[in-house]
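Every number for a ligand or one of its atoms is a count from 1 in the order of the listing.
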Amino acid sequence: MKANQPISFNRPDIIRPPSEWRSYFLPLTSGCSNNTCTFCGYYGSKLQIRDITDVKREIDAVALFIRSGIRVPNIPKVVYAVAQDWDGKRIFLQDGDALVYPFPRLREVLHYLNEKLHGLERIGTYATPQDILRRSVEELREFRQLKLGIFYTGLETGDDGLLQQIGKGVTSDEVIEAGKKVKEAGISFSVTVILGLGGIEESKKHVLGTSKVLTEINPDYVGALTLTLVPGTPLHEQCERNEFHPLSPFHSLEELKSIIENSSFSDCFFSSMHASNYLSVRGKLPHDKERMLKQLEKVLAAQDPALLRPEFLRGL
Ligand code: SF4
């Protein structure tokens with residue numbers, strides 16, 4: 001490679017929250033800036049920031065395709081594969097934490113999206129608490145006005161000891177502060193927690209800490225995932241060395257039930273619809289609390305594996 005030649009951007013695979021399935025996926029970054037979480041497939045990933053000219057070229061290509069069906073050369077095939085089924089309403093910014101994209105450039109991209117894609121209703125992104133805390137409420141409000149309407153943030157656990165063990169790089173207080181900032185800016189806040197993250201030994205602490213922090217944040221959405229050990233990650237290695245003891249599927253459902261029981265929300269859509277879960281439970285809290293708990297109690301009482309998603313159908 002010649003000196004000063006720009007390194008080409010490695011377009012990331014599409015990893016997105018379940019609720020963004022209808023979105024167009026626009027990569028601004030590749031990897032994650034906080035690549036230290038011991039359970040995560042982004043562990044050790046190298047963050048790449050995509051050149052804004054390249055981002056705008058893709059937006060132009062999508063806008064032209066939506067308007068007139070014309071495909072321009074030298075645009076990755078995946079752009080058109082996604083754009084052909086897209087309804088023009090939502091965009092999801094990739095990758096692991098696209099909010100790390102430098103502020104003036106992210107603002108410029110948002111302006112450009114609004115200018116070129118007129119039917120756009122909402123833009124969403126993954127955001128680490130660290131990314132959120134770096135921005136002021138005024139900056140977040142500016143994003144909101146440009147239709148950046150939802151942040152998806154991994155709390156994973158509310159227990160501080162566990163947060164430290166998994167290399168999350170933040171405390172529960174910092175996640176709470178980040179959540180409050182997002183809500184103050186009028187942006188919807190969606191939080192994920194991971195069932196089984198503390199293994200058998202830390203299960204109780206995990207459930208209690210998580211319920212406490214969820215109650216404090218009072219997010220608009222909570223998505224429960226179930227821990228899936230990813231080969232190559234430190235947690236997988238710990239498990240291989242018998243230092244981490246994963247939960248059984250039914251134990252993970254007990255955690256789910258306890259989190260629903262012990263948290264309190266004013267108006268939250270809570271779900272375990274993600275493909276990693278053994279059982280899909282969903283509803284508005286507090287309204288559907290009793291129904292959701294009854295559903296879980298029934299399955300827990302039966303202890304019948306046939307009621308659970310089979311292991312081979314679980315996904316990340
Ligand atoms: S869990 Fe989130 S913050 Fe941690 S490495 Fe994965 S994508 Fe990055």
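Taking 4.0 Å as the cut-off between side-chain N and carboxylate O, Glu261 and Lys257 count as a salt-bridged pair.
The cationic atom of Lys284 (NZ for Lys, CZ for Arg) does not lie both less than 6.0 Å from the six-membered ring centre of Phe269 and within 45° of the ring axis. A cation-pi arrangement is present between Arg314 and Tyr278 under the rule of less than 6.0 angstrom and at most 45 degrees off the ring axis.
In this structure, Tyr221 has its ring center at least 6.0 angstrom away from the ring center of Tyr152. Taking the ring centroids of Tyr80 and Phe65, they lie under the 6.0 Å cut-off.
Listed by number with element, the atoms of ligand 1 under 4.0 angstrom from any heavy atom of Phe39 are 1 (S). Of all the atoms in ligand 1, the ones that sit under 4.0 Å from a non-hydrogen atom of Glu156 are 1 (S). Atom numbering of ligand 1 starts at 1 in the shown order; those under 4.0 Å from a heavy atom of Lys168 are 1 (S), 2 (Fe), 3 (S), 4 (Fe).
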| query | Between Lys181 and Glu139, does a salt bridge (Lys or Arg N to Asp or Glu O under 4.0 Å) hold up when you go through it step by step? | reply | CA-CA 11 Å; Lys181 237 176 169 180; Glu139 287 172 333; over 6 Å; no
| query | Can you check ring-ring contact (aromatic ring centres under 6.0 Å, His included) on Phe143 and Phe103, steps first, answer last? | reply | CA-CA 10 Å; Phe143 286 155; Phe103 177 76; 5.3 Å; yes
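Closest non-hydrogen pair, Asp13 versus Gln94, comes out as O-NE2, 2.8 Å.
Around atom 8 (Fe) of ligand 1, the protein contributes the following N, O or S atoms under 2.8 Å, ordered by chain and number: Cys32 SG.
Of all the heavy atoms of Tyr126, none lies under 4.0 Å from any atom of ligand 1, so neither backbone nor side chain is involved.
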